[in-house]
Amino acid sequence: MYRTRTLAADAAGVAAATTLLHAGELVAFPTETVYGLGGNALDAAAVARIFSAKGRPAEDPLIVHVAVVAQLARVTRDLPDVVELLAARFWPGPLTLIVPRSPAVPPAVSAGRDTVAVRIPQHPLAQMLLRAVAIPIAAPSANRFGHTSPTSAQHVLADLDGRIAAVIDGGATPIGIESTVLDLTAPVPTLLRPGGISLEELRKVLGEVALGRRVEQDTAQIAPGLLDRHYAPASAMWLAIGHAAATRAWLAKRAAALRAEGKRVGLLIPDDDQDLATAADLVVTLGPANDPERIASRLYAALREIDAQRPDVILARDLGEEGIARAIRDRLRRAASGNVIEIETR
Ligand code: TXA
Ligand code: MG
């Protein structure tokens, strides 16, 4: 059990974090996406601590963070040429690349695979910290396994207080959902997780980008049990996918039917849908439907907010799949544990 320290977002905080990381301890820190739970990626004991602090199963590999491209040589081998192109366009930033792993990286980081996930974050505090420690830092999102990713130091403490040495409090993270994960070891670059960098942007640089299994699991046909239950609120949750008018109508109808059964219904909706509020017992709004970046930045805080009010059922609608909306859909779909209703309008 630790007395988890909250460190200030300044040079002294970063210096204290650096000392702890050099000693093999764990420090949570802000990135532009979500808070990461950092430990020395080259120290197998520190890596083991990350898995146990999170309660994360050993088969789920970690992302290794570095400050600059030159540091990748320590953790990777045989880097494909396309990394240069992607780095020039998207790093530092919310893109994670899967590439061949250097033997210097303990296999546990990658759950025994011969690949490794690498990312150069752009958040100024993450950059300051990575430059100061000068070692690669393995960092999953700083939440307990299965919980919503943290977008503030308070979220980190809610999950990990007493389980880690410290958290650097850098305020709310700007993007709010995790990085895009792109596998460069597949025959064609493959999107494994939609995130802060859109599929459209990747295709502009790479031409062809394939969709990984998780990304294709977009339909109602997928049995809920096949989806890992990530980002899951305690309440049952349903996500409606389709055109705005059709999904809005579905939300209103479904809410009325559930309330007729005596259920407390919560709506997780864009600001534009305020008129639906009377159909439910409680409403949490996400931001303007035409500003998906803003919705992404608030999404996890909003999920925590609605969950805290413990409705029996949460109903949400998606916002399409263009740009970051694809990542929002992915996270909502996971929050709903695969309870997805596709509303046909064609
Ligand atoms: O934005 C982010 O990516 C945040 C910040 C802290 O950088 N980190 C994050 O880490 O979301 P985590 O551990 O919650 O998610 C890492 C994702 C998982 O879906 C994992 O399966 C995938 O990356 N991943 C990691 N290493 C991999 C590998 N070698 N092959 C395939 N997928 C990998
Ligand atoms: Mg995570």
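Counting begins at 1 with the first residue of the sequence. Ligands are counted one by one from 1 in listed order, and the atoms in each one are counted from 1 as well.
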_Going by the closest heavy atom to atom 22 (C) of ligand 1, which one wins out of Pro61, Ala126, Ala142, Gly176?_
Pro61
*Please tell me if the side chains of Pro92 and Ile120 come closer than 4.5 Å, counting only heavy atoms from C-beta onward.*
yes
*asked:* For the 3.5 Å polar cut-off, considering only N or O atoms, please tell me whether Thr31 and ligand 1 meet it.
replied: no
_Numbered atoms and elements of ligand 1 in range of Thr33, under 4.0 angstrom, heavy atoms_ = 1 (O), 2 (C), 4 (C), 5 (C)
*Within a distance under 4.0 Å of any heavy atom of His65, pick out the atoms of ligand 1 and give their elements.*
5 (C), 6 (C), 7 (O)
*Please identify which atoms of ligand 1 are closer than 4.0 Å to at least one heavy atom of Pro140.*
10 (O), 12 (P), 13 (O)
_So does Val105 get a backbone contact from the side chain of Arg74, meaning a donor-acceptor N/O pair under 3.5 Å?_
no
*asked:* I'd like to know if the side chain of Asn339 and the backbone of Met237 have a donor-acceptor N/O pair within less than 3.5 Å.
replied: yes
*Residue of the set Lys54, Arg144, His147 for which side-chain hydrogen bond (donor to acceptor under 3.5 Å, both in side chains) holds with Asp159*: His147
*Give the numbers and elements of all ligand 1 atoms closer than 4.0 Å to a heavy atom of Ile63.*
3 (O), 8 (N), 9 (C), 10 (O), 16 (C)
_Between Asp312 and Arg264 (side chain of the first, backbone of the second, donor and acceptor by atom type, cut-off under 3.5 Å), is there such a pair?_
yes
*Taking both backbone and side-chain atoms of Lys54, is any N or O found less than 3.5 Å from an N or O belonging to ligand 1?*
no
_Under 4.0 Å, counting heavy atoms only: does Arg101 come that close to any atom of ligand 1?_
no
*Return yes or no for this condition: an N or O of Ser141 is under 3.5 Å from an N or O of ligand 1.*
yes
*asked:* If we ignore hydrogens and angles and just use 3.5 Å, is the side chain of Ser235 paired with the main-chain N or O of Ile314 as donor and acceptor?
replied: no
*Main-chain N/O of Gly195 paired with Thr180 side-chain donor or acceptor, under 3.5 Å*: yes
*Below 4.0 angstrom, N of the basic side chain to O of the carboxylate: do Arg248 and Asp275 qualify?*
yes
*Minimum non-hydrogen distance to atom 29 (N) of ligand 1, winning option of Thr115, Val64, Asp114, Leu97*: Thr115
*If only atom types and distance count, is the side chain of Gln127 paired as donor or acceptor with the main-chain N or O of Ala67 below 3.5 Å?*
yes
*In ligand 1, which numbered atoms sit nearer than 4.0 Å to a non-hydrogen atom of Ile98?*
27 (C), 28 (C), 30 (N), 31 (C), 32 (N), 33 (C)
*Going by the atom numbers of ligand 1, which of them fall below 4.0 Å from some non-hydrogen atom of Leu192?*
31 (C), 32 (N)
*Can you list the atoms of ligand 1 that are under 4.0 Å from a heavy atom of Ala117?*
25 (C), 26 (N), 27 (C)
*Where ligand 1 meets Leu62 - atom numbers and elements under 4.0 angstrom, heavy-atom basis*: 25 (C), 26 (N)
*asked:* For ligand 1, which is the ligand I care about here, please tell me if Asp60 has any N or O atom under 3.5 Å from one of the ligand's N or O atoms.
replied: yes
*Give a yes/no answer: is there an N/O/S atom of Ser149 under 2.8 Å from the Mg ion (ligand 2)?*
no
*asked:* I want to check something: taking the side chain as every heavy atom from C-beta on, are Arg101 and Pro107 in contact at a cut-off of under 4.5 Å?
replied: yes
